[in-house]
Amino acid sequence: MKKILILPGDRIGQEVTNECLKVIDYFRKSCEIELSEDLFGGASIDVHGEPLTKNVLDKALDADAVLLGAVGGPKWEKLEHNLKPEKGLLTLRKELEAFANLRPGKVFPALINSSTLKKSVLQGTDIFVVRELTGGIYFGEPRYMKEVGGKRVAANNLIYNEDEIARVARVAFEIARKRKNKVTSLDKANVLEVMQLWRDVVTEVHENEFKDVELEHLYIDNAAMQVIKRPSTFDVILAGNLFGDIISDEIAELTGSLGMLPSASIGNKNGIYEPVHGSAPDIAGQNIANPIAAILSLGMLFKYSLNLGNISDLIENGVSETLNLGFRTKDIGNENTLTCTEMGDEILKNIDKLSS
Ligand code: NAD
């Protein structure tokens, strides 16, 4: 029996995870899954006064995998840093030791015209970002905002040790071996000592353990240009927490919409799966969110945490077929678009068609 914990979170997080529930229900025929659902983020703050309760954290640690919707929204923005919905997210990643965030950025042929880039540049783009997730500037100490001599001063600390870099580099090289065998590592080694260490350690791991994989180093500012100029030449991109956060959103634009991008966070314990997008308060409650990123995240969950690659492939192919048939939500289409619920139903119909 595999245990999946669903944490829908806030706003469209709840809408898109509802569509995932339909897909999980469908596959319960063929594999034994125990499902539970709980409050997280703003929804948890409203009831318990904190974004992640100990009870929910214990359930997450006990599950085989956690599927998240998204958290946050203006209602909770003014809370102090430690009580914000996003703090729950960071704590969950840290406690589950999910140090590698995997973000595939694949251009579905049916959507090639939805991007702002030319079709000729985009053709064949299939990038897989591996982002370090539990270290770097988002967690470095000391961090503060205070008054010094009558002026406000704030600081954060970008710090990595060699083990943190080596373990995420290994994840990137392993994934590259199952793809096109190339890793591009991003840094700013020309300016920052911590990034020189990043480059040195990635090079050492490559030399000692993954000589068969092609390795390229790019400075982050150059990389930001190159992914727009020659996206189809990239395979796996490896980056630290901050640079990885930014470059993966840039790659999101290549695929047409944030609503298309899934992610997985894996490490020493069970995995966390979530769409890359946030809670989209601007469209919440209208049933127009695109559920594809969440459904593809569920596909990654089947592959990386439950070892059910066949179900994962069915989910991805079901999404692809739905797009090929011309079905669109509002963020990726102009007319006769489907609601979030209708898109979920259509994908399920195609999964069923492909599996019979
Ligand atoms: P966002 O990703 O929520 O939205 C950015 C834009 O993309 C919006 O115009 C939105 O309507 C659109 N969009 C996003 N997902 C979509 C989908 N599935 N279908 C159609 N359109 C979609 O980012 P934001 O507006 O910067 O942040 C909103 C809130 O979400 C904030 O509180 C932020 O902190 C939070 N956030 C949470 C996460 C997370 O839970 N992992 C990630 C990013 C932002």
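When a residue number appears, it is its place in the shown sequence, counting from 1. Ligands are counted one by one from 1 in listed order, and the atoms in each one are counted from 1 as well.
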So, is the end of the [X] side chain (NZ or CZ) under 6.0 Å from the ring centre of [Y] and within 45° of the ring's axis?
| X | Y | result |
| --- | --- | --- |
| Arg167 | Phe99 | yes |
| Lys188 | Phe243 | no |
| Lys22 | Tyr26 | no |

Legend entry - Matching residue for Leu7 among Ile272, Leu89, Leu92, Leu67 - test: side-chain contact (heavy atoms from CB on, under 4.5 Å):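 Checked Ile272, Leu89, Leu92, Leu67 against Leu7; only one passes side-chain contact (heavy atoms from CB on, under 4.5 Å): Leu92.
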Considering the heavy atoms of [X], write down every atom of ligand 1 situated less than 4.0 Å from one of them.
| X | answer |
| --- | --- |
| Ala289 | 19 (N) |
| Pro281 | 28 (C) |
| Glu274 | 41 (N) |
| Ala70 | 40 (O) |
| Gly73 | 32 (O) |
| Ala280 | 3 (O), 10 (C), 11 (O), 14 (C) |
| Gly259 | 17 (C), 18 (N) |
| Gly278 | 1 (P), 2 (O), 3 (O), 30 (O), 36 (N), 37 (C), 38 (C), 42 (C), 43 (C), 44 (C) |

Would one find an N or O of [X], backbone or side chain, under 3.5 Å from an N or O of ligand 1?
| X | answer |
| --- | --- |
| Arg93 | no |
| Val71 | yes |
| Glu77 | no |

Identify the closest protein heavy atom to [atom]: which residue and atom is it, and at what distance?
| atom | answer |
| --- | --- |
| atom 14 (C) of ligand 1 | His277 CB, 3.6 Å |
| atom 21 (N) of ligand 1 | Ile283 CD1, 3.6 Å |
| atom 34 (O) of ligand 1 | Glu86 OE2, 2.4 Å |
| atom 16 (C) of ligand 1 | Ile12 CD1, 3.9 Å |
| atom 29 (C) of ligand 1 | Ser279 OG, 3.4 Å |
| atom 6 (C) of ligand 1 | Leu258 CD1, 4.4 Å |

Presence of salt bridge, [Y] and [X], under 4.0 angstrom:
| X | Y | result |
| --- | --- | --- |
| Glu174 | Arg170 | no |
| Arg93 | Glu274 | yes |
| Lys75 | Asp46 | yes |
| Glu321 | Lys353 | yes |
| Lys269 | Glu97 | yes |

Legend entry - Whether over 12 other heavy atoms sit under 6.0 Å from Gln226 CD: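 For Gln226, atom CD is crowded (more than 12 foreign heavy atoms under 6.0 Å).
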Inset, instruction - Give a yes or no on this: more than 12 heavy atoms of other residues, nucleotides or ligands lie within 6.0 Å of atom CE of Met145. - result: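 No, CE of Met145 has 12 or fewer neighbouring heavy atoms, counting only those of other groups under 6.0 Å.
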Inset, instruction - For atom 17 (C) of ligand 1, state which one of Asp249, Asp282, Asn290, Ile272 supplies the nearest heavy atom. - result: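 The residue whose heavy atom sits nearest atom 17 (C) of ligand 1 is Asn290.
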Legend entry - Arg179 vs Asn181, side chain to side chain donor-acceptor pair (under 3.5 Å): CA-CA, chis, key distance, verdict: CA-CA 6 Å; Arg179 292 171 46 95; Asn181 220 30; over 6 Å; no
Below 4.0 angstrom, counting only protein heavy atoms, does anything approach [atom]?
| atom | value |
| --- | --- |
| atom 27 (O) of ligand 1 | no |
| atom 38 (C) of ligand 1 | yes |
| atom 9 (O) of ligand 1 | yes |

Legend entry - Sub-4.5 Å side-chain heavy-atom contact between Ile237 and Leu186: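 Yes, side chains in contact.
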Inset, instruction - Indicate, as side chain, backbone, both or neither, the part of Leu89 found under 4.0 angstrom from ligand 1 when only non-hydrogen atoms are considered. - result: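 Under 4.0 Å from ligand 1, Leu89 contributes side-chain atoms alone.
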